[in-house]
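All remarks here apply to the structure that follows.
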Protein chains: 2
Amino acid sequence: MSIQGQRLVRGADVAHAAGVSVATVSLVLNDRRNVVLSERTRDRVREAARRLGYLPNRVAQSLIQGRTRTMGVVLPSLASSFVARIVDGIGSAATSAGLGLLLAHSRHDPESEDRQLEILLGQRVEGIVIVAGEGTLPTLGRRLDRLQQSATPFVVVDDDTHGHRGDCVVSDDLQGMDLAVAHLASLGHRRIAHLGAGTATSTARARQDGYRAAMTRLRLRVDRDWIAGDAFRSADPAASLMCLLRARRPPTAVVAANDRHLAAALPSLLAAGVQVPRDLSIVGYANYDFASYLGLTSVEQDPELIGAKAFERLRSRIEEGPSKPTRIRMPVRLVLRSSTQPAFLRA
Amino acid sequence: MSIQGQRLVRGADVAHAAGVSVATVSLVLNDRRNVVLSERTRDRVREAARRLGYLPNRVAQSLIQGRTRTMGVVLPSLASSFVARIVDGIGSAATSAGLGLLLAHSRHDPESEDRQLEILLGQRVEGIVIVAGEGTLPTLGRRLDRLQQSATPFVVVDDDTHGHRGDCVVSDDLQGMDLAVAHLASLGHRRIAHLGAGTATSTARARQDGYRAAMTRLRLRVDRDWIAGDAFRSADPAASLMCLLRARRPPTAVVAANDRHLAAALPSLLAAGVQVPRDLSIVGYANYDFASYLGLTSVEQDPELIGAKAFERLRSRIEEGPSKPTRIRMPVRLVLRSSTQPAFLRA
DNA sequence: GCCGTTGACTGAAACGTTTTAGGCAACAGA
DNA sequence: TCTGTTGCCTAAAACGTTTCAGTCAACGGC
């Protein structure tokens, strides 16, 4: 194998230099202690290897050993900091484990994601983490089919639609929504509405379910028109939010399924003369970077931990072989800021 | 090669099913048109391959062809959105080119980065993009030595300290600073100071140089105490900024080397009763997500494009072999927001 | 001097491809 | 019938490792 035409040092070169066979070189460098080798030979080989700058070819190793020590990650894009931080967690875990990480970028395109997946499978990665993306979600099923057909262990992150078919790691949206609603309720709010993020993703649906469950648990009534933006891919969060405020019994607080939606809706809120939190308490979700600058109370996930957990799950799945799929829900926490205040302080 | 103990389909299996030799399978599937094969045989092979779900083993392909069709990326962490977006650009380009991307995560640790680099080299990646990180910068040189010794093409991103030894892609900090200073000057500001980001990174130094150059070009005097935070890794941007305001001739505007530093310093500015932009116009650098929420005028880079460019450079370096290193500076643009106003409007 | 044992190393197969020289029919022309 | 020629396909080597059965010398015991 060569790079730039220049032939790289092979085991045979080291063997020649040390006056031994290639087998011996391999034995020495992999420190196989069960086979007897004299200290003198070991030293000679190590010295020759060092002198020649010998680095064993992992491609050949993979081929003969039947394992690549590499994991694959499929993702739509790294533009979202949530995804990037998940991959950060995966990468960090991979580094600790001494495993390689092969990235497959679908750019939100299902066809492209299929192709990238084939590359990963061709490369014989030992396991695959799929980070769900809205654009590629509808066809996720066929890729899982492909993975199961090829018997490659996988874990899906940030979507549990296919949780019955394989492992997945998601953040605990029910808990998150419960924290958010309970916080508002503890401030005396009773009329709490939900600004959803559509029903296209399992997270968006889970958050909506979580909102309902929390309201029920706290014995708070949910008006029919208190759930906004539940259309497929709610186009305009601002319009949805303004719609909420024109409800028959207008809410005094809103929990959103996503910081971004909320942030996008803020300007029109202010334009309509609605002051936060005086007239309306709001709670976001995801705790994006900008939430702290907006003073937005938000449910915080831990993407790095989600990634690390997914990696860990994948490793034990590889070790232990097929078994019942597990659905892992990672805990979240509520970060209090200035966008919420007691209901009795309202104007 | 097997995954989960289950033997995968090999070319030999397809050959057997189609009643031909392995050679023929390879010839058909790679569509070698220079060798004559009957249409009937081609169809039989393709059909058998499809039926058995045959996916050629890229590991074996790499070994025999002497090329892996894979690039490596070395980075400190994906927690920074700037780095994540650069990697996004690289990944997107790799996807287009049909190349694999192997990620090496150093977690800001030089030793770890060395180890990861060895993994990439062992894997025989065809080229490596190194995304510079402050923690691993001091020892970057020895890694470049290693790369040159192994004759692996590389490109360094976001640092040009070693620009004489190899290709690098950075954003044009001189231009960025010139834009920022010129904008303030056009608003009538004459006393413009610089909040630096230390001198540890070549970007921080370049921005400081850019500030000086711009001031000189516009024939504006720079007071000795107008450059703050130029100590190694300026610990406290807030203190540095307040220090600037206590200068003998206090500036009416500040250009920062980094949005983050500026954002971190804002609270103490407000606490001191300094209003932006009434008392002080400020310009940031990097245009982070939060800049728009702060209404911060900022110099915007294009990390995705930087990544794409680095990838492209690497590819042509691989094609064309060794030649003079090139230092690529990517253009930036100024995003105007509400943190700057004409000097004559000052209180 | 013969036999068994131990210690030190090696030969060769194997992994799954690609590549190229060449084999072998079939057929045409002499 | 012999001799090319053409069309189609294959055998075998090669890539750079790892692994294990096996070789070979030295040595000790009798």
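Note on naming: letters A, B, ... go to the chains in the order of the sequence lines (proteins, then strands), and numbering restarts at 1 for each one.
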Find the distance [X]:[atom1] to [N]:[atom2] and express it as a whole number of Å.
X      : N      : atom1 : atom2 : value
A:Q123 : C:dC15 : CD    : P     : 20 Å
A:H16  : D:dG16 : NE2   : P     : 16 Å
B:N57  : D:dC15 : CG    : P     : 18 Å
B:R67  : D:dA14 : CZ    : P     : 23 Å
B:E39  : D:dG7  : CD    : P     : 15 Å
A:L63  : D:dT18 : CG    : P     : 12 Å
A:I64  : D:dT18 : CD1   : C1'   : 5 Å
A:R58  : D:dC15 : CZ    : C1'   : 18 Å

* To do: Would you kindly say whether A:R313 and A:T326 are connected by a side-chain donor-acceptor distance under 3.5 Å?
  =>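 Present: a donor and an acceptor within the cut-off.
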
Do B:T95 and A:R107 have side-chain N/O donor and acceptor atoms under 3.5 Å apart?
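Side chains of B:T95 and A:R107: no pair found under 3.5 Å.
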
Is there a donor-acceptor contact under 3.5 Å from the side chain of A:T161 to the main chain of A:S202?
->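 Answer holds: no.
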
**Message:** Looking at every heavy atom in both A:L103 and A:Q116, which two are closest together, and how far apart are they?
**Reply:**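 Shortest heavy-atom separation between A:L103 and A:Q116 comes out as O-OE1, 4.4 Å.
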
field: Closest approach of A:G11 to A:V22 (non-hydrogen atoms, all atoms of both residues)
entry: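 Smallest heavy-atom distance, with atoms named: C-CG1, 3.8 Å.
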
Given [N], is OP1 or OP2 found less than 4.0 Å from the side-chain N or O atoms of [X]?
X     : N      : result
B:Q65 : D:dC15 : no
A:S38 : C:dC9  : yes
B:Q61 : C:dT18 : yes
B:R32 : C:dT19 : yes
B:N30 : C:dT18 : yes
A:T24 : C:dC9  : no
A:T41 : C:dA8  : no

Base, sugar-phosphate, or nothing: which does A:V25 touch, judged by heavy atoms less than 4.0 Å apart?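 Nothing: the residue A:V25, judged by heavy atoms under 4.0 Å, touches no strand.
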
Nucleotide of D:dT10, D:dT17, C:dT17 approaching B:R124 most closely (side-chain heavy atoms):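 Minimum distance to the B:R124 side chain belongs to D:dT17.
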
- Task: Report the residue (B:A23 or B:A60) whose heavy-atom-nearest nucleotide on DNA chain D is the more 5′ of the two.
- Result: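 Its nucleotide being nearer the 5' end, the pick is B:A23.
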
Query - Name of the residue among B:V25, B:D31, B:L27 meeting side chain to side chain contact (heavy atoms under 4.5 Å, CB included) with B:L29 - result: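 Only one option passes, and that is B:V25.
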
Residue whose nearest DNA chain C nucleotide is more 5′ - A:L37 or B:Y54: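 It is A:L37 whose nearest nucleotide is closer to the 5' end.
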
A:D167 pairs by salt bridge (Lys or Arg N to Asp or Glu O under 4.0 Å) with which of A:R315, A:R317, A:R327?
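When salt bridge (Lys or Arg N to Asp or Glu O under 4.0 Å) is applied between A:D167 and each of A:R315, A:R317, A:R327, only A:R317 qualifies.
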
B:E126 CD to B:I318 CD1 distance, which is reported to the nearest 0.5 Å:
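Atom-to-atom, B:E126:CD and B:I318:CD1 are 5.5 Å apart.
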
Pairs under 3.5 Å (Watson-Crick or G-U), crossing ones as [ ], inter-strand ones as |: DNA chain C comes out as ||||||||||||||||||||||||||||||

